[in-house]
Amino acid sequence: MDMPLPDASVLARRDRILAQLAAVLPGDALISDPTETRAYECDALTAYRCPPMAAVLPRTTAEVAAVLRICHAERVPVVPRGSGTSLAGGALPTADCVILGIARMNGVIETDYADRFIHVQTGRTNLSVTGAVEHEGFCYAPDPSSQLACAIAGNIGMNSGGAHCLKYGVTTNNLLGVRIVTMTGDVLTIGGPWSDAPGLDLLGVICGSEGQLGVVTEAWLRILPKPEGARPVLMGFASNEVAGACVSDIIKGGLLPVAIEFMDRPCIQATEAFAKAGYPDCEALLIVEVEGSPTEIDDQLARIKAIAERHTPVAYRESRSEDESKRIWLGRKSAFGAMGQMGDYICLDGTIPVSELPFVLRRIGELADDYGLRVANVFHAGDGNMHPLILFNANRAGDLEKAEAMGADILRLCVDVGGCLTGEHGVGVEKRDLMHAQFKRDDMEAQLRVKDVFDPAWLLNPAKVFPLDVTAGRRAG
Amino acid sequence: MRPMTEADLADILRAADAPLVIRGGGTRGIGRAMGEVLETGGLAGVRIYEPGALTLVAGAGTSVAEVEALLAAEGQRLPFEVPDRRGLLGRGGDSTLGGVVAANASGPRRVQAGACRDSLIGVRFVDGAGVVVKNGGRVMKNVTGLDLSKLMAGSHGTLGVLTEVSFKLLPIPEQAVTLRLAGLSDAQAVEAMAAALGSPFEVTGAAHGPGQGTFLRLEGFEKSVRYRVGQVSRHLARFGAVEEVADVWPDVRDVTPFHERAGDVWRLSLRPSTAADVVARAGAEAVLYDWGGGLVWLLTAPGLDLRARLGAIDGHATLIRSDSALPTFAPESPGVAALTKGLRAKFDPKGILNPGLMG
């Protein structure tokens, strides 16, 4: 993975740029000491690191605007950062950039239960948004697995999903409005606590734009009444094909579970060794969760059981209590930790049409054999969002490159069967060079034109999302 | 002009040098676009329908009625309850999927299932220079690149001509029940709807017609709906007795009470809790609240400048039907207007796609 060379003229002006930033920020909001900027050298894609020229941690939208005005005038690239949990390298710095961290802007501005929204500063963590409203029986629906740490700013940047989005949608379906600062330092309000924009749906294109279009400092988020209850059922099957057919039949049966999670044998074995959740010894396992009152849950689970039985499950375990629910989720929730204990891994998140599931899993198995690498699959089966985990040894020369090559093959496979490169993690730098597999030149060009309008100088997160060869003529430097 | 393929459409747009009015079925277009009519009805046909994956891909010219019948045969539907605007606008014709997307047309179920744009998972379109663009796809979860599908939804044909659209679908529930509260003032009705929508009982419709009553809808498996009818009735006891009534939702969706009535029709997007106050100041001849007050339909005297009359509101007003010269869409703030102007210049460099419609 290549990053552009730092702009020598920016580095030469470092002191002047820092002095200007210092003049508009409180003393503790500018970090430029090389030992301290190291803290911002990477996000959760830790294979790639580069300390930024400086990091700023503003507390107000006005400070964000002042920083961006300076960086625009000085032609300094800016990399926005929420909590730094991106798995795709969305917040990876370059040596000539300023990291604009939003973490200190974490307040709640307004909560309105009658109109069902919360207005927050976007440095607030995902889980603490729900934390601010749950005493009134409400929640914020998108629940990425990093929700304890990840910021709303990053959720908006990546259009984050989560385990429950089959029913509640992803960030873009739960976002009502934003306050956004453009690269020129203009503060715009788009949307608000009502439906639809009077003109074009700019909110829709800002959400998921990976920090390419502006820095979102405030957001109006839809909050939903929490369901009365939820309970999962765990079922084991003799093959991936049968489990896939069962998912399809549940959906065709008119049920809308909040989550349908799928784990294959390698993943079941790894998590069982790690978390000892008592999962059955089988080829494929589904966890299906439904919501409602106890009666409603019983009714839905009875319907799901009737469907599952047509596929002769080798195991079927319905939760009857909070404790049993926790145990059913335990293995799934420890899957990534379990794999981490076995070695280093790459986590992919391509999406495929659900009907292609058995074929894609078989093909991934063949690729694993070809590459001599181990792969475990855990994913959101209801919406086809896969998470193949490719194990490798970072200390063995060439192993990372081998794992990355295999990952690229899997993502190309996802595109070939009608899916996409990324369902919820974003492109970042990780999948940047694979964009050609999904988009023709004109398809990509249409997206670049949107960035041209919002950020004509191409200073915001400029080396991300789009292949460098495509953006070479546009990027500064 | 009526291209039969995407390639023909691209040829037409590459060669075009005069304004075009983009038309699907001609059932729901608003505003005063002038020019030669370009019809998309030839770009029809269902390409992929996978009931087990809850997804549909179809040509933009495909008839909505045809698609709804196809989905209903599998017990599924478009989640956002497509409004029929023919009665309100006095039109004939057969609505197309592309027209629905271009208008981001969404019915009462939006409060629970989202708008058209929330179910839209992919588009193909031809921009004003004749370039074919694909964005999104046929899978529900996709964050690869910028989301131009959302940008196209509600762009009223001003950024490109849609040729193909993909949707996420939902099952048709076993049962739907409509509840009515009688005798509430507008303010009380909005409060009651907020209480219902803020409950965990998954209300899928919340509408109020002054003098008609306040209506709520519950949908799902029969056992579940029975349970929630009881719970919602108890939850709203302070607003009076709740009775079960016949289905009113097609009338709410299509604003039937305004059909055959003269006057201008306004559609207001509002912060729900402010709706009753806005309506009180509007001096309208007829009113219909949907989305718990988040959407208000007003019938006013012809030519009334409602925006001037109301001043600043938490939301905005769109003029849906009028012979006056008032702008169709509420003005955008200068910063936002500069961005939308920039986008139009990029996607419609010749200024030929419904010029002047959105500003």
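We name chains A, B, ... by the order of the sequence lines, and we start the count at 1 in each one.
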Quick check for you: among B:Thr158, B:Asn135, B:Asp127, B:Asp118, which has the greatest number of heavy-atom pairs under 4.5 Å with chain A? B:Asp118

Part of A:Val205 lying under 4.5 Å from any heavy atom of chain B: both

Look up atom CG in B:Asn104 and atom CG in A:Leu200, then write down how far apart they are to the nearest 0.5 Å. 11.5 Å

Check whether B:Ser224 reaches the backbone of A:Glu296 with its side chain - one donor and one acceptor, N or O, closer than 3.5 Å. no

Given A:Val354, A:Asn385, A:Thr182, the one with more heavy-atom pairs under 4.5 angstrom with chain B than any other is A:Asn385

Measure distances from A:Asn174 to the heavy atoms of chain B and classify the residue's part below 4.5 Å as side chain, backbone, both or neither. neither

Which atoms of B:Arg226 approach chain A - backbone, side chain, both or neither, heavy atom under 4.5 Å: neither

Measure the shortest side-chain to side-chain distance between B:Lys346 and A:Val453 over non-hydrogen atoms and say whether it is less than 4.5 angstrom. yes

B:Lys341 versus chain A, the contacting section by heavy-atom distance below 4.5 Å: neither

Taking 4.0 angstrom as the limit, do A:Lys226 and B:Glu202 come out as a salt bridge? no

Counting heavy-atom pairs under 4.5 Å with chain B, the top scorer among A:Gly253, A:Ala245, A:Gly199, A:Gly208 is A:Gly199

Residues two or more places apart in sequence or in another chain: which of them pass ring-ring contact (aromatic ring centres under 6.0 Å, His included) with A:Phe466? none

Is any side-chain heavy atom of A:Trp194 closer than 4.5 Å to a side-chain heavy atom of B:Leu270? no

In terms of heavy-atom pairs under 4.5 Å with chain A, the winner among B:Thr318, B:Ile172, B:Thr55, B:Leu148 is B:Leu148

Between B:Val131 and chain A, which part of the residue has a heavy atom less than 4.5 Å away: side chain, backbone, both or neither? side chain

Report yes or no: do B:Ser273 and A:Asp115 form a side-chain donor-acceptor pair below 3.5 Å? yes

A:Thr189 portion near chain B, given a 4.5 angstrom heavy-atom threshold: backbone

Between B:Gly335, B:Ala113, B:Pro272, who has the most heavy-atom pairs with chain A when the cutoff is under 4.5 Å? B:Pro272

The interface call for B:Arg117 against chain A, heavy-atom contacts under 4.5 Å, is side chain

Which portion of A:Met444 sits near chain B, non-hydrogen atoms under 4.5 angstrom: neither

Side chain of A:Asp443, backbone of B:Lys134: donor and acceptor closer than 3.5 Å? yes

Check whether any side-chain heavy atom of B:Asp314 sits under 4.5 Å from a side-chain heavy atom of A:Pro193, and report yes or no. no

Quick check on the interface: out of B:Arg110, B:Gln76, B:Glu74, B:Met193, who has the most heavy-atom pairs with chain A under 4.5 Å? B:Arg110

Region of B:Ala330 that comes under 4.5 Å of a non-hydrogen atom in chain A: both

Find the distance between CG (A:Asp196) and OG (B:Ser269) and round it off to the nearest 0.5 Å. 4.5 Å

Of the backbone (N, CA, C, O) and the side chain (C-beta and beyond), which part of B:Thr340 lies under 4.5 Å from a heavy atom of chain A, both, or neither? both

For A:Cys165 and B:Lys168 the tightest heavy-atom approach is O-NZ, 4.4 Å

Approximate separation, where rounding is to 0.5 Å, of B:Asn142 CG and A:Leu421 CG: 8.5 Å

Smallest separation among heavy atoms of A:Pro198 and B:Met358, with atom names: O-CE, 4.4 Å

Flag the one option from A:Thr295, A:Leu202, A:Asp186 with the top tally of heavy-atom pairs under 4.5 Å to chain B. A:Leu202

B:Leu197 versus chain A, the contacting section by heavy-atom distance below 4.5 Å: both

For chain B, the option from A:Met435, A:Lys451, A:Glu110 that forms the most heavy-atom pairs under 4.5 Å: A:Glu110

With a 4.5 angstrom heavy-atom cut-off, is it the side chain or the backbone of A:Pro227 that approaches chain B, or both, or neither? backbone

Could you tell me which portion of A:Leu256 (side chain, backbone, both or neither) has an atom closer than 4.5 angstrom to a non-hydrogen atom of chain B? side chain

Residue from B:Arg271, B:Lys150, B:Met140 scoring the most non-hydrogen pairs under 4.5 Å with chain A is B:Arg271

Does any backbone or side-chain atom of B:Thr328 lie under 4.5 Å from a heavy atom of chain A? Answer side chain, backbone, both or neither. neither

Could you tell me whether the side chain of A:Gln447 and the main chain of B:Leu146 form a donor-acceptor pair under 3.5 Å? yes

In short, B:Gly52 meets A:Ser248 closest at the heavy-atom pair CA-OG, 3.5 Å

In short, A:Cys420 meets B:Thr144 closest at the heavy-atom pair CB-OG1, 3.5 Å

For chain B, which of A:Asn159, A:Thr172, A:Val170 has the most heavy-atom pairs under 4.5 Å? A:Thr172

Atom NZ of residue position B:Lys223 - does it have more than 12 heavy atoms of other residues, nucleotides or ligands inside 6.0 Å? no

Would you mind telling me which of B:Gly198, B:Ala194, B:Pro51 has the largest number of heavy-atom pairs within less than 4.5 Å of chain A? B:Gly198

Measure A:His425 against the heavy atoms of chain B and call it side chain, backbone, both or neither at under 4.5 Å. backbone

So for A:Val415, is it side chain, backbone, both, or neither that comes closer than 4.5 Å to the heavy atoms of chain B? neither

Say you draw a straight line from CZ of B:Arg138 to CD1 of A:Ile352; how long is it, rounded to the nearest 0.5 Å? 10.0 Å

With a 4.5 angstrom heavy-atom cut-off, could you sort out which part of B:Arg124 is near chain A: side chain, backbone, both or neither? neither

Run the salt-bridge test on B:Glu174 and A:Arg303 with the 4.0 Å N-O cut-off and return the result as yes or no. yes

Select one option (side chain, backbone, both, neither) describing which atoms of A:Lys167 are under 4.5 Å from chain B's heavy atoms. side chain

Measuring from atom CZ of B:Phe347 to atom CZ of A:Arg449, what distance do you get when rounded to the nearest 0.5 angstrom? 5.0 Å

State the OG-OH distance between A:Ser293 and B:Tyr227, to the nearest 0.5 angstrom. 4.0 Å

Closest heavy-atom contact between B:Val139 and A:Gly418? CG1-O, 4.0 Å

Heavy-atom contact with chain B under 4.5 Å, split by part of A:Phe454: both

Name the region of B:Leu170, side chain, backbone, both or neither, that has any atom closer than 4.5 Å to a heavy atom of chain A. side chain

Which atoms of A:Glu210 approach chain B - backbone, side chain, both or neither, heavy atom under 4.5 Å: side chain

Any idea which of A:Gly161, A:Pro456, A:Ala446 has the most non-hydrogen atom pairs under 4.5 angstrom with chain B? A:Ala446

Does the side chain of B:Val132 come within less than 4.5 Å of A:Asp442's, by heavy atoms? no

So which part of A:Gln438 gets closer than 4.5 Å to some heavy atom of chain B, the side chain, the backbone, both or neither? side chain

